[in-house]
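Each chain gets a letter, A, B and so on, in the order its sequence line appears, and its residues count up from 1.
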Amino acid sequence: MSARTDLKDPLLFGKDPAERIVAVHPLFNRASSRGAQVRVYRRLPGDGGIVEEDESCFPFFFLSDISLLKGFARDRFRFQELNGDGYYRFLIAFASWSSYWDALRHLDQSTDKEVRRAQYAYVVAGTAQQYLMQSGRTSFKDMAFEDLHRMQLDIETYTEQEFSNPRRPGDRIILIALHDNRGWSHVIDGRDLDEAAMIREMVRIIRERDPDVVEGHNILGFDFPFIVERARRCRIELRIGRDESVPRTFRTSIRFAERAVDYTAFEIAGRHVIDTYFLVLAYDVVKRNMPGYGLKAAARYFGFAAEDRTYIAGSEISRVWREDPERLIRYALDDVIDTERLARHLSGSAFYLAQMVPIPYGQASRTGPAAKIESLFVREYLGRKESLPRSERGTQSIGGYTDIFFTGVVGPIVYADVESLYPSIMLNYDVRPESDRLGLFHDILQRLTELRIRAKTAMKEAGNDDVRGELDARQSSYKILINSFYGQLGFSQAIFNDFSEADRVAQIGQDLLRTIILEIANGGGKVIEVDTDGVFFVPPTESTGREAEANFIERLNATMPPGIRIGFEGRYKKMLSYKKKNYALLGYDDRLTYKGSSLMSRSNERFGRRFVREAIRRLIDEDVAGLHELYLRTRDRIARHDWDSVEAFSRSETLKESVDQYRSDVERGRRPKAASYELAMQRAEKTGRSVQKGDRVTYYVVGQAHDVTAFENCRLADEWNPSEPDENSAYYLRRLDDFAQKFEPFFKPHEFRLIFSPEDLFGFSPEGIAVRSHERPLDAVLAESPAHAGASRSETPDR
DNA sequence: AGCTGTGGCAGGGAGG
DNA sequence: CCTCCCTGCCAC
């Protein structure tokens, strides 16, 4: 009797809405007669104890052609043919993990020429996820965030050098601070114990306290790698898994908008690892206004750093440990407390996503939204025994419509934007990927939209802050999913992609925006700048004031097709319109906000950002004398080396490639040399700490001439000595002129030269100099507009 | 194994 | 000088 026959069928395993599953862990190396196994951890209600059970399961993948497994032992798998004529028509299930991995290797080997595994097999990502998918279950059902037992961890290390390095014999762990959300904390003190005993104590405590989640700030980039290396040297096994197993580690990477971060993932059986550093990076992708990503900067930014907390600079830690160890202990404890608050503040949406989507919490917090949506589709297709499509090849070609019709200073300003433009189009114009034969795209999107509206309504009615916070986290996790439906259409590797549908959505969006522009103009408004789903405009004089502006927008709404709603997003006293995606707004509270990389980019020197900021203020106030005075003052300070610190003129850049990649690209002439990488390599040489992709390098320019080649004349910022300033003043004076150049369009040429020049021989007079503006007619919009373009275009908004 | 997209601006290096 | 190409950063 084959042991396999009593395995639960992955396709038929029932759903249970209230399992309170805290974690699921695949058991890879069990030579079990019951096939592949996973261990499931459930939290009991009430006292919150944990029960663990082993369950059998099939690991599986989808395959387009069963004959690709020819030659692979038939008794090691079984297959099920799926309904439909989609591409992946077979579900291949295995009795053990080793057979699963062997089969994947077999596919790689048997498919040498045009056949490649990536094209013919769809591997369901994440092993624990595979189990959850086949069972139809997800984590944390019926649980609140506070039901989780979360532990925070922070280590302090000792070094005689600039940076601590776990591979250097003299460097070591001196403190391990632990804390949890149940009001417990503990410090393992390096004065009482040697390093090996400290690590053993940490393992013992983690097992005894038994947290569901381990949190830390940059825990994957620093604390865990350091502990792993020191434990290896002390020959200690880190048996911190719920089943006393050691953590599984693997190199991987995560993307935050344009930035990729390589790191070593760290998986603890039965627990979830949350790195608050990643949560902060993800948060700032949307906000883009955080001054820094360190724990202290983040805690201050969110406003929950204790006022009397202890601060110690990284370079001071070893000295403080020698001179005042109690102070270092207080510092480490303050750190774990901040980490707990940061995690609580930023984890909500991943927690609620983990309740919806068959992806474990720890993984959900580090994977993007596209993978989450796809898992919903796959789960449902699988549940209905339908085959899955193969992704389409190609690219999307159309994006949002951006334009500018006026540059200069203007006001008052109204900002109107289409609420949820792309989701609204997808719901109201019957958008769906051609491959989605079950039509889930529309249904899931609609359902998520309804859930979000319900959560937002409930949030507004909620009386208590905790409830409101929870509902806000819920609605924002719905929003994340809703917004990535569009991205999924144009994503080359999504299995339900459809590039022509992505283009259709963008095109309809462009057409709607053009219609709105013309309607605003027809109503007497003056359109300044538009981008994708929003319009800045000056309302007609009879329609100024909050109420009249709202009414004006309501009249616009009457001209919109069903399901498309324009919202009143903001009103401003004045606007400086500079270029597409680049402008400044003066609010009725007299606060200035800046948008766009050309006006306000983190890669610009701080003195330049400040100059631009203050110049815009004067420009908006039409203060020409002030502008000239600002230029002279800034110029003078540069010439006199009058800096608050090196940060005022240094430049910071993020390394987006590995150093190896950079070097080979340069050798092959694929890219020019760059100061940031050259300095990063120097620094690595000096400190012995290797450069990581995503590291930031801060440097300044030396030499004499204003046009020196930067990579040959650069220095790391911390090498600058204020008593012997060696920065290249000619270069920084030229940079000032680069910044001033931005204001050239706002003046007549000779006036511009007078304002932004040091030559004051005849005295400077602002007399008669006014801020100029430029206007562009709406002709181009008119020509492209669907309502006016005649029969050349054939888009009838179906239904 | 993982990984949403297009549009836009600025700066640096390389080569005409 | 100028243009071209690449990267980095940003808006949505």
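- Contact annotation: A:Arg651 does not reach the phosphate of C:dG8 (side-chain N/O to OP1 or OP2, under 4.0 Å).
- Every pair tested for side chain to side chain donor-acceptor pair (under 3.5 Å) that includes a residue from residues 591-600 of chain A fails, sequence neighbours excluded, so the list is empty.
- Between A:Trp97 and A:Tyr100, the ring planes are perpendicular. Angles over 60° get that label, and only those under 30° would be called parallel.
- Salt bridge status for A:Arg105 with A:Asp102: present, with a side-chain N to carboxylate O gap under 4.0 Å.
- The only member of A:Leu353, A:Asn483, A:Leu448 that meets side chain to side chain contact (heavy atoms under 4.5 Å, CB included) when paired with A:Tyr478 is A:Leu448.
- Judged as a side chain to side chain donor-acceptor pair (under 3.5 Å), and not counting sequence neighbours, the contacts of A:Asp531 are A:Thr402, A:Lys581.
- At the heavy-atom level, A:Tyr699 lies nowhere under 4.0 Å from the strands shown.
- Applying the 4.0 Å criterion to OP1 and OP2 of C:dG8, one finds that A:Arg602 has every side-chain N and O outside that range.
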Nucleotide-resolved protein contact map, nucleotides 3-9 of chain B, B/S/- at heavy-atom distance under 4.0 Å = BBSSBBB
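- Under a cutoff of 6.0 Å and an axis angle of 45°, A:Arg390 and A:Tyr122 do not form a cation-pi pair.
- On the C1' atoms, C:dA11 is 16 Å away from B:dT4, given to the nearest whole Å.
- Residues forming a side chain to side chain donor-acceptor pair (under 3.5 Å) with A:Arg452 (at least two apart in sequence, or on another chain): A:Gln475.
- Counting non-hydrogen atoms under 4.0 angstrom, A:Tyr677 reaches the backbone sugars and phosphates but no base.
- With respect to the salt-bridge test (charged N to carboxylate O, under 4.0 angstrom), the residues A:Arg735 and A:Glu605 qualify.
- Atom CZ in A:Phe61 sits about 14 Å away from atom P in B:dG2, given to the nearest Å.
- For A:Arg735, whose side chain is taken as the heavy atoms from C-beta onward, the closest listed nucleotide among C:dG8, B:dG12, B:dA1 is B:dG12.
- Listed nucleotides B:dA1, C:dC12, B:dG12 differ in distance to A:Phe250; the shortest reach to its side chain belongs to B:dA1.
- When the side chain to side chain donor-acceptor pair (under 3.5 Å) test is applied to A:Arg776, the partners found at least two apart in sequence or on another chain are A:Asp403.
- For the pair A:Tyr731 and B:dG12, the criterion of a side-chain N or O lying under 4.0 Å from OP1 or OP2 is met.
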What pairs of nitrogen or oxygen atoms, one from the protein and one from nucleotides 13-15 of chain B, lie under 3.5 Å apart?
unit_1 : atom_1 : unit_2   : atom_2 : d
B:dG13 : OP1    : A:Ala710 : N      : 3.0
B:dG13 : OP1    : A:Phe711 : N      : 3.1
B:dG13 : OP2    : A:Ala710 : N      : 3.4

